[in-house]
Protein chains: 2
Amino acid sequence: MDLIFKALADATRREMLDRLLEQPGLTLGELIAGTEMRRQSASKHVQILEAAGLVTTEWQGREKKHFLNPVPIQEISRRWVDKYSEARTEAILNLKQSLETDSSTQKRTKS
Amino acid sequence: MDLIFKALADATRREMLDRLLEQPGLTLGELIAGTEMRRQSASKHVQILEAAGLVTTEWQGREKKHFLNPVPIQEISRRWVDKYSEARTEAILNLKQSLETDSSTQKRTKS
DNA sequence: TCTATAGGCAGCCTAATAACTGCATATAAA
DNA sequence: TTTATATGCAGTTATTAGGCTGCCTATAGA
């Protein structure tokens with residue numbers, strides 16, 4: 001799971017996933033088209049995405065086609081995000097409680 | 001959005017969120033109880049979580065209570081994860097396609 | 001066969017992270 | 001009022017991350 005979160009932490013990599021969502025099968029060269037990035041940098045990003053299972057690849061001759069694999073994202077969503085959804089109601093209750101609490105507890109103007 | 005992904009990229013911070021999910025209102029001292037981490041390190045993590053909107057705080061006297069805010073996680077899920085869910089069917093089709101493609105395209109044994 | 005193209009791998013450099021120490025401030029309790 | 005506790009802020013250091021250059025291999029096409 002850590003690999004997935006780490007992979008998603010970088011905006012460049014999220015953009016790559018977006019592009020692969022729109023256009024499955026892009027090659028490395030196509031992925032960097034229109035960007036300032038060097039091929040080698042993009043290659044490292046792809047490695048990280050592959051290690052996280054977010055991208056699969058397929059060689060066709062000398063070209064390497066890249067495909068998005070949405071499954072890990074969905075697993076994170078199902079196994080991790082969902083438990084926080086259940087907390088929503090409780091969180092709102094907490095908030096209400098704080099608001100109802102005497103506002104004199106809000107000292108320490110510093111920070 | 002970047003702040004949220006960055007905040008979630010660190011396992012220590014995800015553990016903090018887990019603890020705040022289970023026990024809302026923990027203080028900084030309570031948060032580091034049982035860990036090897038120094039208070040100052042935890043404080044920085046909390047700052048990052050606060051900046052991402054994942055944690056809200058409330059002063060009570062000299063104590064600072066911490067609360068999980070699950071909303072940003074849900075927004076990410078709704079606005080970002082969901083679009084990848086729609087890709088699932090298509091991704092499976094892509095996979096099928098690759099499998100059906102002549103396997104002789106799988107050269108380059110290296111790497 | 002020769003040349004151009006697609007990509008991998010290694011190494012280097014810089015910036016961002018995450019941990020720590022030391023010191024300061026605010027509140028609580030004796 | 002004095003002391004202990006809860007936290008903040010600044011600065012240092014080590015590790016990680018992301019980008020680049022240089023060079024190598026493999027395939028495609030003339």
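In what follows, chains are A, B, ... by sequence order, proteins preceding strands, each numbered from 1.
Going from atom CD of B:Glu63 over to atom C1' of D:dG8 covers 15 Å, rounded to whole Å. The CG atom of B:Leu28 sits 16 Å away from the C1' atom of C:dT27 (whole-angstrom rounding). When rounded to the nearest whole Å, the span between CD of A:Gln60 and C1' of D:dA26 equals 16 Å. Distance CD (A:Glu15) to P (D:dG18): 13 Å, rounded to an integer number of Å. Straight-line distance from the CD1 atom of A:Ile32 to the P atom of C:dA6: 10 Å, rounded to whole Å. In this structure, A:Leu31 places its CG atom 13 Å from C1' of C:dG7, rounding to the nearest Å. B:Lys44 places its NZ atom 15 Å from the P atom of D:dA14, with the value rounded to the nearest Å. For the pair A:Met16 CE and D:dG18 P, the interatomic distance rounds to 11 Å; values are reported in whole Å.
For residues 26-54 of chain B, no pair satisfies ring pair (Phe, Tyr, Trp, His ring centres under 6.0 Å), with sequence neighbours left out.
Not one side-chain nitrogen or oxygen of A:Thr27 sits closer than 4.0 Å to the OP1 or OP2 atom of C:dA6. Contact annotation: A:Lys64 reaches the phosphate of C:dG8 (side-chain N/O to OP1 or OP2, under 4.0 Å). Neither OP1 nor OP2 of D:dG18 sits under 4.0 Å from any side-chain N or O of A:Arg38.
Residue contacts shown for A:Glu30 are absent, as no nucleic acid heavy atom lies under 4.0 Å away. Backbone-only contact: B:Ser43 has heavy atoms under 4.0 Å from sugar-phosphate atoms and none from a base.
Remark: A:His45, A:Ile48 in residues 45-53 of chain A come within less than 4.0 Å of DNA chain D through at least one heavy atom. Near-neighbour residues of DNA chain D inside residues 2-9 of chain B, defined by a heavy atom below 4.0 Å, are absent.
Of the possible donor and acceptor atoms, one in the side chain of B:Arg19 sits under 3.5 Å from a partner among the backbone N and O of B:Leu31. Judged purely by atom type and a 3.5 angstrom limit, B:Arg13 has no side-chain atom pairing as donor or acceptor with the backbone of B:Leu8. The backbone N or O of B:Thr27 sits less than 3.5 Å from a side-chain atom of B:Glu30, completing a donor-acceptor pair.
Paired with B:Lys6 under the rule side chain to side chain contact (heavy atoms under 4.5 Å, CB included), one option of B:Leu3, B:Asp2, B:Asp10 passes, and it is B:Asp2.
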Please step through side chain to side chain contact (heavy atoms under 4.5 Å, CB included) for the pair B:Lys64 and B:Leu28, ending with a clear verdict.
CA-CA 7 Å; B:Lys64 192 184 187 183; B:Leu28 191 59; over 6 Å; no
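Put simply, the side chain of B:Arg62 and the base of D:dT7 share no donor and acceptor less than 3.5 Å apart. In terms of polar N and O atoms assigned as donor or acceptor, the side chain of B:Gln40 comes within less than 3.5 Å of the base of C:dG22 in a complementary pairing. Residue side chain A:Arg39 reaches the base of C:dG8 through a donor-acceptor N/O pair under 3.5 Å, judged by distance alone.
Taking every heavy atom of both residues into account, A:Pro72 and A:Gly53 meet most closely at CG-O, 3.3 Å.
You'll find the side chain of A:His66 stays beyond 4.5 Å of the side chain of A:Met16, heavy atoms only.
A:Asn69 and B:Tyr84 form no side-chain donor-acceptor contact under 3.5 Å, judged by distance and modelled atom types alone.
Across D:dG19, C:dA19, D:dT7, the shortest atom-to-atom separation from the side chain of A:Met37 is found for D:dG19.
Cluster annotation: A:Ile48 and A:Ile73 are assigned to distinct hydrophobic clusters (Ile/Leu/Val/Met/Phe/Trp/Tyr, side-chain heavy-atom contacts under 4.5 Å, transitive).
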